[in-house]
Amino acid sequence: AQSVTQLDSQVPVFEEAPVELRCNYSSSVSVYLFWYVQYPNQGLQLLLKYLSGSTLVKGINGFEAEFNKSQTSFHLRKPSVHISDTAEYFCAVSLTGGGNKLTFGTGTQLKVEL
Amino acid sequence: NAGVTQTPKFQVLKTGQSMTLQCAQDMNHEYMSWYRQDPGMGLRLIHYSVGAGITDQGEVPNGYNVSRSTTEDFPLRLLSAAPSQTSVYFCASSYWGGQGAETQYFGPGTRLLVL
């Protein structure tokens with residue numbers, strides 16, 4: 001079975017500073033990788049996804065993530081954050097060709113401060 | 001398109017009461033699923049369906065029932081609510097098979113409190 005680890009439960013950062021949210025996964029087979037964002041009292045919105053091909057994936061709102069197969073990681077980055085990026089971010093995996101079931105990490109709360 | 005809609009937005013139940021959480025989508029998606037979100041635990045899959053008449057269990061199915069009579073609707077039933085079912089419930093949908101099937105769309109959630 002696959003699993004996802006988000007080691008940082010909270011990440012405080014000042015506005016306009018860069019940020020990296022870490023995600024590591026475990027799976028014996030190939031996976032798709034996703035980052036979702038959840039703004040307060042809202043549902044989940046897809047930020048970006050890695051299916052295959054280029055390991056650097058660009059998403060919405062200036063976020064990007066890099067798939068590293070050897071380190072089984074899919075860290076999310078943004079070079080300059082804004083107050084509006086304050087939200088909870090979830091990393092998730094699903095099996096390639098094995099259905100759509102998502103396995104989520106426990107989430108990272110990003111708090112952007114002035 | 002309204003996307004994925006969920007009703008109600010909030011609900012308070014007493015232990016032992018039953019209720020149905022409604023989920024509907026207008027994207028003609030074959031795949032629909034229910035997740036629950038608890039603090040520090042992320043989202044966990046309760047039940048899912050790959051089409052009308054076909055459902056299966058996810059990671060935490062106990063205490064919940066589902067059925068899928070139409071492509072659009074996928075209700076989640078709590079037959080006898082327990083305080084452990086206090087959570088935020090999300091419904092999601094996607095295509096099944098082929099390009100684009102991997103991307104799921106989430107509803108706004110239902111916040112349930114069981115006293």
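Naming: A, B, ... by sequence-line order, numbering from 1 per chain. The shown structure was predicted, so the numbers you read here are calculated from the model rather than taken from an experiment.
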**Message:** Please classify the contact of B/Leu45 with chain A as side chain, backbone, both or neither, using a heavy-atom distance under 4.5 Å.
**Reply:**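 Side chain only.
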**Prompt:** Checking heavy atoms, do the side chain of B/Arg111, its backbone, both or neither come under 4.5 Å from chain A?
**Reply:** side chain
**Prompt:** Is the number of heavy atoms from other residues, nucleotides or ligands within 6.0 Å of CD (A/Glu16) greater than 12?
**Reply:**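 Not buried by this count: 12 neighbours or fewer within 6.0 Å.
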**Prompt:** With a 4.5 Å limit on heavy-atom distance, are the side chains of B/Thr103 and A/Leu46 in contact?
**Reply:** yes
**Message:** Quick check: do A/Leu102 and B/Tyr35 have side-chain heavy atoms less than 4.5 Å from each other?
**Reply:** yes
**Item:** Shortest non-hydrogen separation from B/Gln104 to A/Tyr36 and the atoms involved
**Value:**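 Between these two residues, the closest heavy atoms are O-OH, 3.5 Å.
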**Prompt:** So which heavy atom on B/Gln37 is nearest to which on A/Glu88, and how close?
**Reply:** NE2-OE1, 4.4 Å
**Contact origin within A/Gln38 toward chain B - heavy atom pairs under 4.5 Å** = side chain
**Asked** So how far is it from B/Phe106 CZ to A/Gln42 CD, rounded to the nearest 0.5 Å?
**Response**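 Taking CZ in B/Phe106 and CD in A/Gln42, the distance rounds to 14.0 Å.
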Would [X] and [Y] show up in the same hydrophobic cluster when neighbours are defined by side-chain heavy atoms closer than 4.5 Å?
| X | Y | answer |
| --- | --- | --- |
| B/Leu112 | B/Leu43 | no |
| A/Leu110 | A/Phe14 | no |
| B/Met41 | B/Leu113 | no |
| A/Val37 | A/Val93 | yes |
| B/Leu115 | B/Met19 | no |

